[in-house]
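Got a structure for you, written out below as C-alpha cells; questions coming shortly.
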Amino acid sequence: NEFWWLCPYVAKAIVRGEIMHAKEIMENPLRNMFNQMIDICIGTGTKFSVTSGKGGKFRKQYLADEEYRKIIKTYPAYEVQEIEESMIIMMDIFSDYSSKVSLELGFKYDKNEEHNSRQYYKSILY
C-alpha cells in the first residue's frame with residue numbers, strides 16, 4: 001500500500017513547483033518500495049535462490065531486456081515532464097509486478113487502491 005499512498009505526494013510537489021521535494025519522495029521512500037517489489041518478483045521467479053545485490057547491481061541478469069529498459073526509464077532527471085513520465089512508468093511496472101507476485105504468493109492485490117491512487121495522481125497534475 002505504501003507505494004500507492006506515496007504517488008500523489010510526488011504529483012502535489014510537482015504542482016507546487018517543489019521539484020527537489022518531488023525527487024526526494026520518488027527516489028527514497030517510493031523507490032524503496034519499487035525496488036522491493038522488483039526483488040520479490042525476481043525471487044518468485046527463482047524460488048528466492050538469488051540476490052539482486054547491493055543497490056540492485058545484479059537485477060539486470062534476472063530481468064528481460066525490455067523490463068530492464070523500462071525500469072531504467074524510472075530514473076528521471078529534474079525536468080518536470082520527465083518526472084511525470086517516469087512516475088507513470090514506475091506505476092505501470094509496480095502494478096504488473098505486484099499483480100504477478102500476489103498470484104505467485106497467494107495474496108490479494110487491491111486493484112481498487114491502485115486505481116484510486118492513479119486517478120488522484122492524474123487529477124492533481126492534469
Side-chain angles (χ1 to χ4, degrees):
N1 296 17
E2 187 173 349
F3 178 88
W4 294 115
W5 293 346
L6 290 169
C7 291
Y9 290 99
V10 176
K12 289 177 183 181
I14 290 169
V15 168
R16 294 176 184 145
E18 300 166 347
I19 304 308
M20 291 191 316
H21 183 58
K23 291 280 290 177
E24 177 67 24
I25 296 165
M26 187 176 182
E27 296 305 336
N28 285 301
L30 195 65
R31 178 73 60 193
N32 290 339
M33 295 294 103
F34 182 72
N35 286 338
Q36 282 181 23
M37 186 54 64
I38 293 169
D39 291 344
I40 293 168
C41 194
I42 289 170
T44 61
T46 61
K47 300 191 187 294
F48 296 95
S49 63
V50 300
T51 178
S52 64
K54 185 167 180 73
K57 65 183 177 182
F58 302 128
R59 283 188 191 122
K60 184 177 182 179
Q61 63 192 74
Y62 302 113
L63 298 167
D65 288 341
E66 183 179 329
E67 287 178 304
Y68 183 75
R69 282 192 298 273
K70 279 172 126 177
I71 291 168
I72 292 300
K73 289 181 179 179
T74 69
Y75 289 89
Y78 59 88
E79 298 294 332
V80 170
Q81 183 177 353
E82 200 173 325
I83 295 169
E84 291 174 12
E85 291 169 0
S86 296
M87 277 299 301
I88 298 296
I89 294 168
M90 191 181 268
M91 287 188 269
D92 291 346
I93 293 169
F94 191 87
S95 175
D96 291 345
Y97 283 22
S98 297
S99 296
K100 181 179 175 184
V101 165
S102 66
L103 284 174
E104 288 283 329
L105 299 179
F107 293 110
K108 181 179 179 259
Y109 181 65
D110 191 347
K111 282 283 192 185
N112 190 48
E113 185 162 2
E114 174 188 337
H115 172 77
N116 290 340
S117 181
R118 283 181 183 266
Q119 291 303 108
Y120 188 60
Y121 177 86
K122 290 176 184 174
S123 74
I124 292 169
L125 290 175
Y126 309 110

Around Tyr126, counting heavy atoms of other residues, nucleotides and ligands shown, do more than 12 lie under 6.0 Å from its OH?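 Yes, the 6.0 Å shell around OH holds more than 12 heavy atoms from other groups.
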For Met33, all residues meeting side chain to side chain contact (heavy atoms under 4.5 Å, CB included), sequence neighbours excluded: Glu2, Phe3, Gln36
Apply the test side chain to side chain contact (heavy atoms under 4.5 Å, CB included) to residues Tyr121 and Ile88: give CA-CA distance (whole Å), side-chain angles for both, the deciding distance (0.1 Å), then the verdict. CA-CA 9 Å; Tyr121 177 86; Ile88 298 296; 3.8 Å; yes
For Ser95 and Asp92, indicate whether the former's side chain and the latter's backbone hold a donor-acceptor pair under 3.5 Å. no
Side chain of Glu82, backbone of Ala77: donor and acceptor closer than 3.5 Å? yes
Do Arg59 and Ile71 have side chains that get closer than 4.5 Å, going by heavy atoms?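 No, their side chains stay 4.5 Å or more apart.
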Is the number of heavy atoms from other residues, nucleotides or ligands under 6.0 Å of Lys70 NZ greater than 12? no
Can you check whether Met91's main-chain N or O pairs, donor with acceptor, with Arg118's side chain at less than 3.5 Å? yes
NZ (Lys73) with more than 12 external heavy atoms under 6.0 Å: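 Atom NZ in Lys73 is not crowded, with 12 or fewer foreign heavy atoms closer than 6.0 Å.
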Do Phe107 and Ile42 share a hydrophobic cluster (ILVMFWY, side-chain heavy atoms under 4.5 Å, transitive)?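 They do share one cluster, since a chain of ILVMFWY contacts under 4.5 Å joins Phe107 to Ile42.
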Transitive ILVMFWY side-chain link Ile25 to Val15, under 4.5 Å: yes
In terms of heavy-atom contacts, Ala22 and Val10 come closest through CB-O, 3.9 Å
Any side-chain heavy atom of Ile93 sitting closer than 4.5 Å to one from Met37? no
Steps toward side chain to side chain contact (heavy atoms under 4.5 Å, CB included) verdict (Lys111, Ser99): CA-CA 9 Å; Lys111 282 283 192 185; Ser99 296; 3.4 Å; yes
For a quick test of reading the model, state the closest non-hydrogen atom pair linking Gly53 to Phe58 and the distance between them.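 The answer is CA-CD1, 3.5 Å.
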Should Ile38 and Ser52 count as side-chain neighbours, where that means a heavy-atom distance under 4.5 Å? no
If we ignore angles and hydrogens, is there a donor and acceptor under 3.5 Å between the side chains of Glu114 and Tyr109? yes
Taking a hydrophobic cluster as the set of Ile, Leu, Val, Met, Phe, Trp and Tyr residues connected by side-chain heavy atoms closer than 4.5 Å, whether directly or through intermediates, do Tyr9 and Ile19 fall within one such cluster? yes
Heavy-atom check, side chain of Asp39 versus side chain of Thr51, under 4.5 Å: no
Does the Arg31 side chain pair with the main chain of Thr74, one donor and one acceptor, at a distance under 3.5 Å?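 Checked: pair present.
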Of all heavy-atom pairs between Asp110 and Glu113, which one has the smallest distance, and what is that distance?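 In this case the closest contact between Asp110 and Glu113 is OD1-N, 3.1 Å.
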